[in-house]
Amino acid sequence: MNPSPLKVAVLASGRGSNLAALIAARDAGALPVEFVLVASDKASAGALRLAEAAGIRALALNPKDYPDRASFDRALFARVAASGAELLVLAGYMRVIDAEVVAGWEGRAINIHPSLLPKYPGLHTHRRCLEAGDTEHGASVHYVTAELDGGPVVAQARISVGTSDTETSLAERLLAEEHKLLTAVVGAIARGRLHWNGSALFDGQPLAGPLTLAQLS
Ligand code: GRF
């Protein structure tokens, strides 16, 4: 167990249900973290309201105020750095981040993505899963690199796909697993079990494959 709570910043573009799960785990004493910032590219993001209600510093930067993607990303990540964050969690953050900016956070930024990567990077993962007739779906947590949803996958949670499943039913069922998976990964990093030294190590060993919730518990 690390002596002091891990300083965590979160980027979110939407409702923030993954953020809510992290805050709930922290409040239950199950996640040794201190949230130092929640930032968004959307001033209307529900995640910012959640942060404010939880007394966490909330920041919205408007991409329209910047001449290009890279300058927006540099400004946003400067604020993340200034917050003292030791870990950056992308939780429903819907922008592709400039490669140079991301490189500065190698091993210190993770993302939750609603598919069994490397399947279905990008958007509409539930629909693509159904259209492919997959019998299994899932969520992945990976370290963030310049490649969209392409960084090393550290953990995955799987669900079966039922014949009556729709995009909505699949998304809802998977979201519950995302919340558990992201919380478990942040907890493993906060407790010093999962860390990065050029590649991901768990309890000092290279990952043989994505960790499961059982391994992370
Ligand atoms: C989640 O499915 C997450 O995996 C994806 O965005 C969706 C919404 O996340 N990146 P949240 O409810 O805003 O946390």
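Just follow the structure's listing: the first ligand is 1, and inside any ligand the first atom is 1.
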Legend entry - Point-to-point distance, once rounded to the nearest 0.5 Å, from CG of Leu211 to CZ of Arg193: 8.5 Å
Inset, instruction - Would you mind listing which atoms of ligand 1 come within a distance below 4.0 Å of any non-hydrogen atom of Ile112? - result: 4 (O), 10 (N)
Legend entry - Spacing of NE2 belonging to His124 relative to SG belonging to Cys129, to within rounding of 0.5 Å: 14.5 Å
Inset, instruction - Among all protein heavy atoms, pick out the one at the shortest distance from atom 9 (O) of ligand 1; state its residue, atom name and that distance to 0.1 Å. - result: Asn18 ND2, 3.6 Å
Inset, instruction - Consider every N or O of Gly16 and every N or O of ligand 1, then say whether any pair is closer than 3.5 Å. - result: yes
Legend entry - Nearest candidate to atom 5 (C) of ligand 1, where distance is taken over non-hydrogen atoms, out of Pro114, Ser13, Ala20, Ala139: Pro114
Inset, instruction - Answer yes or no: does an N/O atom from Arg15 fall short of 3.5 Å to an N/O atom of ligand 1? - result: yes
Legend entry - From Asn18 atom CG to Leu182 atom CG, the distance as rounded to the nearest 0.5 Å: 5.5 Å
Inset, instruction - Starting from the C-alpha separation in whole Å, work towards a yes-or-no answer on side-chain hydrogen bond (donor to acceptor under 3.5 Å, both in side chains) for Ser140 and His142. - result: CA-CA 6 Å; Ser140 304; His142 63 92; over 6 Å; no
Inset, instruction - Starting from atom 2 (O) of ligand 1, find the nearest protein heavy-atom neighbour and note its residue, name and distance. - result: Glu178 OE2, 3.0 Å
Inset, instruction - Among all protein heavy atoms, pick out the one at the shortest distance from atom 11 (P) of ligand 1; state its residue, atom name and that distance to 0.1 Å. - result: Ser17 N, 3.5 Å
Inset, instruction - Provide, to 0.1 Å, the distance between atom 6 (O) of ligand 1 and the closest protein heavy atom, together with that atom's residue and name. - result: Gly92 CA, 3.6 Å
Inset, instruction - Measure from NZ or CZ of Arg57 to the centre of the six-membered ring of Phe35 and say whether it is under 6.0 Å with the direction within 45° of the ring axis. - result: no
Legend entry - Arg128/Asp134 ion pair, N-O < 4.0 Å: no
